[in-house]
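A quick write-up on the structure given underneath.
From a predicted model like this one, the values you see are computed outputs, not experimental measurements. Note that ligands are numbered from 1 as they come in the structure, with each ligand's atoms numbered from 1 the same way.
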Amino acid sequence: MKTMKSLRFALFTLVFAAAGAVASAKPNVVILATGGTIAGSAETQTQAGYTSGQVGVDILIDAVSQLKDIANVSGEQISNVGSQDMSDEIWLKLAKRINELLSDSKVDGIVITHGTDTLEETAYFLNLTVKSDKPVVLTAAMRPSTALSADGPLNIFNAVAVAGDKNAAGRGVMVVANDDIHGARAFTKTSTTDVQTFKSPESGLIGVTLYGKNTFFRTPYRAFGKQSEFSVKGVDKLPRVDVIYINADVSADLIGSAASKGARGIVTAGVGNGNMTSAALKEVSTVVKSGTVVVRSSRVPFGVTGRNVEVNDDELGTVASGRLNPAKSRVLLKLALLTSKDAAKIQSYFDKY
Ligand code: ASP
């Protein structure tokens with residue numbers, strides 16, 4: 001009888017220790033909330049109108065009770081805005097906090113909840129300024145947290161599963177939504193309303209995830225993270241860079257006007273291969289001569305804006321954006337201007353990142 005009892009006790013201790021080991025094996029993931037539709041709320045479950053950034057990080061975490069099965073999760077509120085109000089100030093705060101958290105050996109990964117509107121810009125900014133191989137994952141939702149079939153909870157669950165996965169390390173900043181894992185550089189929002197707005201149209205996905213089970217296909221093809229020469233250490237302001245949309249008969253004086261209002265860089269969202277009217281080219285030439293850096297990108301969603309194709313960049317002193325769209329070109333130019341205003345040097349950044 002006594003032997004049976006001590007056997008049972010030994011078994012219990014074993015099971016308890018094993019359970020403890022499993023519990024402590026769970027990764028530690030910090031969720032940084034910034035706002036967006038994922039934290040939005042509406043009066044009813046079926047209306048299109050809603051307000052972004054209403055729900056705090058604790059409510060977001062509590063709404064997905066399954067998180068505790070896959071990670072030890074804690075949350076911090078960085079901001080609570082619709083991402084149309086995302087700013088340099090929030091980017092700097094976010095990048096600095098992520099670097100700080102990831103330098104702690106007890107933190108295994110980071111999830112950032114964000115609006116979808118400027119998700120690709122924040123992801124690309126962090127891709128170039130977070131100096132760690134640990135996973136950093138942004139997630140978002142198209143439907144507010146109060147909607148029928150809200151997409152946020154499963155996106156958060158999958159994002160935490162990716163952030164806590166050792167195989168996600170060294171893949172740059174990622175965006176997880178609708179079971180897909182995107183790289184920050186490739187990712188873009190493609191529809192104003194579709195739930196499957198999230199795409200990596202040219203270079204494809206980093207991987208996929210299904211209820212927290214992840215499969216990885218690739219690593220980013222451009223430099224990021226620790227390889228990046230950009231740093232936000234000691235930086236409390238980013239230079240002004242404006243994007244100017246080019247169309248037939250564009251008001252070319254917008255270019256000079258941006259420069260005279262203080263833009264240190266201008267990105268043109270050109271037609272075709274980054275083209276623009278002759279009048280606009282003349283304006284570009286004038287502002288470049290007076291020290292403003294101009295990057296030619298394209299309003300066309302796919303393909304390359306190539307150097308010296310229809311515009312002679314060598315003569316004009318401009319930079320060609322390659323495959324980087326205007327919004328992300330603006331992010332890279334802001335960071336580039338922290339270190340240089342030389343067009344050749346900045347072209348080398350656009351070729352590398
Ligand atoms: N305007 C919202 C935002 O970007 C849209 C969304 O999150 O889907 O915050």
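Summary of contacts: the protein heavy atom closest to atom 8 (O) of ligand 1 is Thr116 OG1, 2.5 Å.
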Can you give the donor-acceptor pairs under 3.5 Å from side chains of residues 269-278 to other protein atoms, not counting sequence neighbours?
from, atom 1, to, atom 2, distance (Å)
Asn273, OD1, Gly306, N, 2.8
Asn275, ND2, Glu310, OE2, 2.9
Thr277, OG1, Ala280, N, 3.1

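Distances below 4.0 Å separate heavy atoms of Thr37 from the following atoms of ligand 1: 2 (C), 5 (C), 6 (C), 7 (O), 8 (O), 9 (O). Less than 4.0 angstrom separates some heavy atom of Gly82 from each of these atoms of ligand 1: 9 (O). Ligand 1 places these atoms under 4.0 Å from at least one heavy atom of Gln84: 1 (N), 2 (C), 3 (C), 4 (O), 9 (O). Within the listing of ligand 1, atoms 1 (N), 2 (C), 3 (C), 9 (O) sit less than 4.0 angstrom from a heavy atom of Ser52. Interface atoms of ligand 1 facing Ser83, defined by a heavy-atom separation under 4.0 Å, are 3 (C), 4 (O), 9 (O). Residue-ligand proximity, Tyr50 to ligand 1, at heavy-atom distances under 4.0 Å covers atoms 5 (C).
Looking at every heavy atom in both residues, Leu119 comes nearest to Phe187 through CD2-CZ, 3.7 Å.
In terms of N/O distances under 3.5 Å, ligand 1 is approached by Ala141. Between Thr118 and ligand 1, a contact under 3.5 Å exists for no N or O pair.
Under the 4.5 Å side-chain heavy-atom criterion for ILVMFWY residues, a single connected hydrophobic cluster contains both Tyr124 and Val241. Residues Leu102 and Met174 are members of separate hydrophobic clusters, defined by side-chain heavy-atom contacts under 4.5 angstrom among Ile, Leu, Val, Met, Phe, Trp and Tyr.
Alongside Val309, the hydrophobic cluster contains no other residue (criterion: ILVMFWY side chains under 4.5 Å).
Ion pair Glu202/Arg323 flagged as a salt bridge, since at least one NZ, NE, NH1 or NH2 atom sits closer than 4.0 Å to an Asp/Glu carboxylate oxygen. Under the 4.0 Å criterion applied to side-chain N and carboxylate O atoms, Lys328 and Glu121 are not assigned as salt-bridge partners.
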